[in-house]
Amino acid sequence: MTTQFRVDPPTAAGERELLQGFLDFHRGTLLWKVSGLSGEQLAAQAVEPSTLSLIGLVRHLSEVEKYWFHRALAGHPSEPKYWTAEHPDGDFDLVDPSQAEQDVADYRAIVQLSDDLAARYELDHTFIRPGHEGAYSVRYLYIHMIEEYARHNGHADLLRERVDGTTGE
């Protein structure tokens, strides 16, 4: 089942290939954790009182991808889709089970665009995050995204087990 969604990262490769491989592995892990479930199961807030859900994690990581790769790195005016000043946790709180399949499709498209954008820059290229001081490198961006996915994939493991009992790596 997992090979449909993720490939092990290389164990001996150049730095860019290793970073991309680990990021892809974690993205694939998220897709694995949300596969085969109904919209209702994906939207289940299975660890009360938290509003975390599997589709909420997909929506959150869609926003994280857009922020870091699209807005920060490439300078695109990409506004958040799921959260607003009125609903700062809208990615988790405002899920709609009937939109879960579309949310996953949107996530996949955002990831593809993120990869296309990142490929345009060397690892040493620096950029300024909107609203923050100091320069960030593309290398930092990759490491941060790997950390972000690793943390949230831990959440996804627990949520998936609570939703249908499925466990795995």
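The chain is numbered in sequence order, starting from 1.
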Checklist entry - Taking all atoms of both residues into account, what is the closest heavy-atom pair of Leu123 and Ser137, and its distance? => result O-CB, 3.6 Å
In residues 108-118, what donor-acceptor pairs under 3.5 Å come from side-chain atoms, sequence neighbours left out?
| unit_1 | atom_1 | unit_2 | atom_2 | d |
| --- | --- | --- | --- | --- |
| Gln112 | NE2 | Asp116 | OD1 | 2.9 |
| Ser114 | OG | Glu65 | OE1 | 2.9 |
| Ser114 | OG | His70 | NE2 | 3.1 |
| Ser114 | OG | Ile110 | O | 3.0 |
| Asp115 | OD1 | Gln20 | NE2 | 3.1 |
| Asp115 | OD1 | Arg27 | NH1 | 2.6 |
| Asp115 | OD1 | Arg27 | NH2 | 3.4 |
| Asp115 | OD2 | Arg27 | NH1 | 3.1 |

Checklist outcome for this item: On a heavy-atom basis, the closest approach of Phe5 and Ser35 is CZ-CB, 3.3 Å
Item to check | salt bridge (Lys or Arg N to Asp or Glu O under 4.0 Å): pairs with one or both residues in residues 121-133, sequence neighbours excluded | outcome: Asp124-Arg139
Checklist entry - If you group Ile, Leu, Val, Met, Phe, Trp and Tyr by side-chain heavy-atom gaps below 4.5 Å, do Val47 and Val163 land in one group? => result yes
Checklist entry - Tell me, do His26 and Leu30 make a side-chain contact under 4.5 Å, heavy atoms counted? => result no
Checklist entry - At their closest point, which heavy atom of Phe22 faces which heavy atom of Pro10, and how far apart are they? => result CE1-O, 4.5 Å
Checklist entry - Is a side-chain donor or acceptor of Arg71 paired with a backbone partner of Pro77 at a separation under 3.5 angstrom? => result no
Next on the checklist: Looking at Arg59 and Glu63, is any side-chain nitrogen of the basic one under 4.0 Å from a carboxylate oxygen of the acidic one?
Outcome noted: no
Next on the checklist: To the closest 0.5 Å, what do you measure between CG (Leu42) and CG (Asp103)?
Outcome noted: 9.0 Å
Checklist entry - What heavy-atom pair brings Arg162 and Ala46 nearest, and what distance separates the two atoms? => result NE-O, 3.0 Å
Checklist entry - Has the side chain of His132 got a donor or acceptor atom that lies under 3.5 Å from a matching backbone atom of Pro130? => result yes
Checklist entry - Could you go step by step and tell me if His152 and Leu61 meet the side-chain contact (heavy atoms from CB on, under 4.5 Å) rule? => result CA-CA 9 Å; His152 288 311; Leu61 287 163; 3.9 Å; yes
Next on the checklist: Within the 4.5 Å heavy-atom criterion, are Val7 and Phe25 side-chain neighbours or not?
Outcome noted: no
Item to check | Atom CD of Glu101 with >12 non-hydrogen neighbours under 6.0 angstrom | outcome: no
Next on the checklist: When you group the ILVMFWY residues by side-chain heavy-atom contacts below 4.5 Å and let the links chain together, are Tyr107 and Leu94 in the same group?
Outcome noted: no
Item to check | Mutual orientation of the aromatic rings belonging to Tyr121 and His125 [parallel < 30°, tilted 30-60°, perpendicular > 60°] | outcome: tilted
Next on the checklist: So, taking the atom named CD in Gln45 and the one named OG in Ser53, what distance separates them when rounded to the nearest 0.5 Å?
Outcome noted: 6.0 Å
Checklist outcome for this item: CD1 (Ile146) and CG (Leu23) are apart, to the nearest 0.5 Å, by 5.5 Å
Item to check | Ion pair Lys81/Asp91, N-O distance below 4.0 Å | outcome: no
Next on the checklist: For a 4.5 angstrom cut-off between non-hydrogen side-chain atoms, does Asp93 reach His87?
Outcome noted: no
Checklist entry - Does any donor atom in the side chain of Glu148 or His60 lie under 3.5 Å from an acceptor atom in the other side chain? => result yes
Next on the checklist: Would Phe92 and Leu57 count as a side-chain contact (heavy atoms from CB on, under 4.5 Å) here? Give the steps.
Outcome noted: CA-CA 7 Å; Phe92 295 110; Leu57 288 172; 3.9 Å; yes
Item to check | Residue among Tyr136, Trp68, Phe69 satisfying ring-ring contact (aromatic ring centres under 6.0 Å, His included) with His144 | outcome: Trp68
Checklist entry - Less than 4.5 Å apart, any side-chain heavy atom of Tyr142 and any of Leu18? => result no
Next on the checklist: Measuring only between side-chain heavy atoms, which start at C-beta, is Arg160 closer than 4.5 Å to Val34?
Outcome noted: no
Checklist entry - Would Trp83 end up clustered with Leu54 when hydrophobic side chains under 4.5 Å apart are linked, directly or stepwise? => result no
Checklist entry - How long is the gap from CG on Asp164 to CD on Gln41, to the nearest 0.5 Å? => result 6.0 Å
Item to check | Single-linkage hydrophobic cluster Met145~Val58, side-chain heavy atoms < 4.5 angstrom | outcome: yes
Checklist entry - Do Arg6 and Thr29 have side-chain N/O donor and acceptor atoms under 3.5 Å apart? => result yes
Next on the checklist: Working to the nearest 0.5 angstrom, can you tell me the gap between Leu73 CG and Ile128 CD1?
Outcome noted: 12.0 Å
Checklist outcome for this item: When every non-hydrogen atom of Lys66 is compared with those of Ser78, the smallest separation belongs to CE-OG, 3.2 Å
Item to check | Nearest-0.5 Å distance, CD of residue Glu79 to OG1 of residue Thr84 | outcome: 11.5 Å
Checklist entry - Does Leu31 belong to the same Ile/Leu/Val/Met/Phe/Trp/Tyr cluster as Leu158, with side-chain heavy atoms less than 4.5 Å apart forming each link? => result no
Item to check | Side chain proximity check, Asp96 to Ile55, heavy atoms < 4.5 angstrom | outcome: no
